[in-house]
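Heavy atoms only: backbone and side chains are in, while hydrogens, waters and symmetry mates are out.
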Amino acid sequence: NLESMLVTKTHSPIKNDYLVVYIIDISFSETNTLLHVTDFAGNLEFFCSAGSLNYKGKQKKLRFLVFRDLFRILVSKLTFLKGKPVALHLKNVGSNKFWIIKKLKTKFFIKVVRNFNLYPFNGCRK
């Protein structure tokens, strides 16, 4: 059956079945937690930080509390993400990576996960 489809070219796959439509970028820096949602072309659709969630000072580094609030915003306000293939970019999340992926997979169709670790792991040499 596959051979006949290739020879006659009767079946053409839908382009959107294979593409990532949106990118969710979660960044943990030393002083803040950031969330960016962009479309595939790089146009910013949504931005949120720990400061915009009314966290101040050292509270912005409390990863669990900040991510809980960011997840609530993703589910409630960003309904355009539901059912669309999404790429997840994680920056400096460390061991929280598996917990974040598990939580986001319950509500979104995550197609690709990329992890960027920007902190050095070996320290300085004297």
Side-chain angles (χ1 to χ4, degrees):
N1 190 16
L2 180 61
E3 242 177 58
S4 66
M5 285 188 331
L6 291 175
V7 171
T8 60
K9 296 184 181 181
T10 58
H11 176 61
S12 62
I14 299 172
K15 236 181 197 182
N16 292 337
D17 288 346
Y18 304 108
L19 298 178
V20 172
V21 180
Y22 293 104
I23 299 171
I24 299 174
D25 181 26
I26 299 172
S27 302
F28 291 164
S29 70
E30 292 181 8
T31 57
N32 205 351
T33 304
L34 304 170
L35 169 73
H36 295 90
V37 177
T38 61
D39 62 358
F40 190 73
N43 301 321
L44 185 66
E45 299 289 330
F46 182 76
F47 169 77
C48 189
S49 68
S52 63
L53 297 173
N54 295 325
Y55 287 101
K56 305 284 184 210
K58 292 192 180 204
Q59 290 178 337
K60 293 195 287 187
K61 294 196 293 186
L62 298 174
R63 307 292 186 221
F64 179 74
L65 296 175
V66 173
F67 181 73
R68 182 190 63 195
D69 291 344
L70 290 176
F71 180 73
R72 287 180 185 162
I73 289 173
L74 277 172
V75 172
S76 64
K77 290 187 179 179
L78 303 179
T79 57
F80 60 88
L81 293 175
K82 301 220 177 179
K84 303 273 177 44
V86 172
L88 181 64
H89 290 184
L90 304 172
K91 291 182 185 169
N92 300 324
V93 294
S95 62
N96 297 325
K97 171 177 61 173
F98 302 108
W99 179 74
I100 290 171
I101 293 170
K102 180 180 172 186
K103 193 81 167 157
L104 288 175
K105 273 183 13 180
T106 61
K107 298 291 181 182
F108 302 109
F109 175 50
I110 297 176
K111 199 159 189 171
V112 177
V113 177
R114 293 203 55 195
N115 188 16
F116 303 98
N117 189 8
L118 304 176
Y119 295 140
F121 57 88
N122 59 353
C124 298
R125 294 185 181 224
K126 293 183 178 181

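With sequence neighbours left out, Asn32 forms a side-chain contact (heavy atoms from CB on, under 4.5 Å) with Ser29, Leu34, Ser49, Ala50, Lys60. With sequence neighbours excluded, the residues satisfying ring-ring contact (aromatic ring centres under 6.0 Å, His included) with Phe116 are His89. In terms of the ring-ring contact (aromatic ring centres under 6.0 Å, His included) criterion, residue partners of Phe64 (sequence neighbours excluded) are, by chain and number, Trp99. For Tyr22, the ring-ring contact (aromatic ring centres under 6.0 Å, His included) partners two or more places apart in sequence, or in a different chain, are Phe80. Annotation: side-chain contact (heavy atoms from CB on, under 4.5 Å) contacts of Lys103 (sequence neighbours excluded): Phe67, Phe71. Remark: Ile73 engages Phe46, Cys48, Leu53, Lys77 in a side-chain contact (heavy atoms from CB on, under 4.5 Å) (not counting sequence neighbours).
Using a 4.5 Å cut-off on side-chain heavy atoms (C-beta onward), Leu104 and Ile26 make contact. Here the side chains of Leu90 and Asn96 are not in contact, with every heavy-atom distance at 4.5 Å or above. Between Tyr55 and Thr33, the closest side-chain pair of non-hydrogen atoms is not below 4.5 Å. Residues Phe108 and Leu78 form no side-chain contact, since every pair of their non-hydrogen atoms from C-beta on lies 4.5 Å or further apart. Asn117 has its side chain within reach of Asn92: a pair of non-hydrogen atoms, C-beta onward, lies under 4.5 Å apart. A 4.5 Å side-chain heavy-atom check between Asn115 and Val93 finds at least one atom pair inside the cut-off.
Heavy-atom minimum distance, Gln59 versus Asn54: OE1-O, 4.4 Å. Scanning both residues, Val75 and Lys107, for their nearest heavy atoms gives CG2-CG, 3.8 Å.
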Open item on the list: What verdict does the side chain to side chain contact (heavy atoms under 4.5 Å, CB included) test give for Val37 and Leu74, after you've listed the backbone C-alpha separation in whole Å, the side-chain angles of each residue and the deciding distance to 0.1 Å?
Closed with: CA-CA 9 Å; Val37 177; Leu74 277 172; 4.1 Å; yes
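Atom OG of Ser52 is separated from atom CG of Leu70 by 7.5 Å, given to the nearest 0.5 angstrom.
Connection of Leu35 to Ile23 is not established within any shared hydrophobic cluster, with ILVMFWY side chains joined at heavy-atom distances below 4.5 Å, either directly or through further cluster members.
The number of heavy atoms from other shown groups lying within 6.0 Å of CZ (Arg114) does not exceed 12.
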